[in-house]
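Written out below as structure tokens is the structure these notes cover.
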Amino acid sequence: MPMKNLIPYFTLGYPNNETLKRFLMAMPLDIINYIEFGFPSNDPRYDGPTIRKTHRIGNENYNENFYFDIFKHFSDNNIKMYSLSYYSDIDDIERFAAILSNLGFSGSIIPDLLIDYYDEAFDVIETLNDMHFEYIPFFTPSTPDNVIKKVSEKTFSWIYYGLQPSTGIDIPYDLDYTCSRIFSLVKSREINFGFGIKTIDDVSELARRGASGVAIGSYLVNMLDKNDVNGFIDYLKMIRGALDVEA
Amino acid sequence: MSEEFKSLLSNDIIPENWYNVTPDLPEPLPPPRDTKTDFSSINLLNKILPKEVLKQEFTFKRYEKIPDEIMEKYLQIGRPTPLIRAKNLEKYLDYNGKIFFKYEGATATGSHKINTAIAQAYYAMEESANGVTTETGAGQWGSATALAASLYNLKSQIFMVRISYEQKPLRKVVMSLYNSNVVPSPSNLTEFGRKILKENPEHPGTLGIGISEAVEYALDHNYRYMVASVMNSALTHQSVIGQESIRQMELLGEFPDVLFGCVGGGSNFGGFAFPFLPKSDDIEIYATTAHEVPKFSKGEYKYDLMDTAGVLPAVRMYSLGADFVPPKIYAGGLRYHGAAPSLSLLINHGRIKSDEVSESEVKDAIKIFANTQGFIIAPESGHAVASAIKYIKNHRNDKKTLLINVSGHGLLDLSIFQ
Ligand SMILES: Cc1ncc(COP(=O)(O)O)c(C=O)c1O
């Protein structure tokens, strides 16, 4: 069985460029699989209050040039990078994908595409497919069955499954039902889970039910705020351990 | 009692599961959104709603088993409700097709509202809440909340919009009879209410203020907040209406071609119409609002606040604006500025059609219905009947089978005829 995926999420520019760089460069490359970078948005509407804050501050700090070397570091080391981008911020999808490809990104998660731009979604997906830029379908428990099936058929990469209505929120959910539904709708596909995942228990429960991996974002913010690089590394190792136990 | 009538009302007409339309929608349902930067009203729901209700709000199981304890109460308050062929109305309208109606006025509190009130109060009791609280305008929802709480031995605190409190004293009596504590809102039970009263001691109140007061009260007293409509879980609980109707029509060897229901927040409508969607792509469906509250024709399909005060999250829906002040119309239950996100999506997608009727059409419909079928129906439900009458006038020779949801009786709303 392949190694399960650990996917840390960071909003670029948060809490500031230097601190973020220190965290990123300290990450042992053998414990993470992909990285998800949020490009600061003025309207991160499907993010919870914690990540919204990181966008607001990230927006003030973000400077593309600062990150060239960092992006190169990860792509040189075969850690695939994905952007978290809001479609509402994208003017030209081809240009958008071309720029990200140049920076070494493999693909994008676009959380508002299916929800707010459903009429355009399939054209966007086709464009990205033609450019061999991975469109990562973003589904949640509220995505209807037929949409999950249609979008899965038209896409090729892994699927991002958000467990919560937005990030960093703790609405109770029925994990058995949620997992069995998504696994029965899309078979033999890599599905990584995110939104609201923080504890070892959360991760073990998901791994046990067949999740391919987990994305963790809001929970890292506290460590970034405290500039706690060691705590951050320990935490990632712990999560790695929980993923490996079940693999 | 004829055999036919008996079997239409036998216990097993009530479905075993609630039906949630979300997995069957043609497009993704836009999720609730926070509107403030550093505060999450979605997280607030965590503190004020029973956990199980929240789960149902966000997990989106197509079928959710109705717990036995709730099923028992459904039987006690008069479920299944009757489904009746309106033969006299057919004759009166000289219609060649058939007209059926589902009668939610037959429940203990006289409307569909009790279907979700029982569920929410049960889940509040299950997690040992001290009581339940909510806002009410005209009083239908407050009455249902009061009874549901009483059935589970929970306390209930109801904030009734002051102007209705003064104008509808009988509703207040009903709630008090069910041991509820009813106060006019704004009240001095909450900080929010006190603040408003200080600015204006004569404030007539609004549903938005009532919601804010109830939410504050829930937080401070370990009460749970009860959701009247609009939110998905309420529509899911109401799905007993449509599922019973399907079974009852099947027992009669019938299936409707056209459905009619009225829309305030969308709970009776969604509960009635949605279970039919997976059954047939051809069924025609009309959602009727009041001329005075033209949310589907003049409203915009956009993210908007569920409540004036902005305590609850924003949802994407047809809305006239959260600050829309509806005229004091004869049908208090239809004054809401928006409509449930799932219903709004289906209207925007074209699967469900909307209609609007005027006060005089509604009053005529209520009179016609009373004189043909005998039941004095709620002004809200009069909208559905008025729509059906309009439809028949334009489709006289189609011989279609119509099914109307009559969401409540109108015995406490007779002042509109004075
Ligand atoms: C009898 C009756 N019908 C309909 C409504 C409208 O609400 P909803 O659209 O949620 O069913 C109300 C609301 O108070 C009502 O009392």
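Heavy atoms only: backbone and side chains are in, while hydrogens, waters and symmetry mates are out. Within every chain, numbering begins at 1; the chains are lettered A, B, ... in the order of the sequence lines, protein sequences first and strands thereafter.
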Requested in this report: State, to 0.1 Å, how close Asp145(A) and Arg62(B) come at their nearest heavy-atom pair, and which atoms those are.
Outcome: OD2-NH2, 2.7 Å
Report summary line: Counting heavy-atom pairs under 4.5 angstrom with chain A, the leader among Lys61(B), Glu27(B), Lys51(B) is Lys61(B)
**Report entry** chain B contact via Tyr46(A) - side chain, backbone, both or neither, heavy atoms under 4.5 Å
**Finding:** side chain
Query - Nearest non-hydrogen partners of Phe60(B) and Arg181(A), listed with the distance - result: O-NH1, 4.5 Å
Query raised in the report: Thinking salt bridges, do Asp34(B) and Arg45(A) make one under a 4.0 Å N-O criterion?
Result: no
Query raised in the report: Among Thr143(A), Asn146(A), Ile148(A), which residue forms the greatest number of heavy-atom pairs with chain B at distances under 4.5 Å?
Result: Asn146(A)
Query raised in the report: What closest approach, in Å, do Ser142(A) and Thr22(B) show between heavy atoms, and which atom pair accounts for it?
Result: O-CG2, 3.5 Å
Requested in this report: Find the one option among Leu25(B), Leu29(B), Leu49(B) whose heavy-atom pairs under 4.5 Å with chain A are most numerous.
Outcome: Leu25(B)
Report task. Please state whether the side chain, the backbone, both or neither of Pro26(B) comes within less than 4.5 Å of a heavy atom of chain A. Result -> backbone
Query raised in the report: Any side-chain heavy-atom pair from Pro23(B) and Pro144(A) closer than 4.5 angstrom?
Result: no
**Report entry** Heavy-atom pairs under 4.5 Å with chain A, option from Leu45(B), Asn43(B), Asn20(B) with the top count
**Finding:** Asn43(B)
Query raised in the report: Which atoms of Tyr173(A) come close to chain B, meaning under 4.5 Å heavy atom to heavy atom: side chain ones, backbone ones, both, or neither?
Result: both
Query - Qualifying residues under salt bridge (charged side-chain N to carboxylate O under 4.0 Å, His left out), relative to Asp89(A), sequence neighbours excluded - result: none
Requested in this report: Would you indicate whether Glu69(B), at its atom CD, is surrounded by more than 12 heavy atoms from other residues, nucleotides or ligands within a distance under 6.0 Å?
Outcome: yes
Query - Atom NZ of Lys65(B): over 12 foreign heavy atoms under 6.0 Å - result: yes
**Report entry** Ion pair check, Lys55(B) and Asp174(A), cut-off under 4.0 Å
**Finding:** no
Query raised in the report: Most heavy-atom pairs under 4.5 angstrom with chain B, which of Pro44(A), Pro141(A), Ala121(A)?
Result: Pro141(A)
**Report entry** Closest non-hydrogen atom pair, Asn46(B) against Ile171(A)
**Finding:** ND2-N, 4.0 Å
Query raised in the report: Only one of Asp47(A), Asp116(A), Asp112(A) clears salt bridge (Lys or Arg N to Asp or Glu O under 4.0 Å) with Arg33(B); which?
Result: Asp116(A)
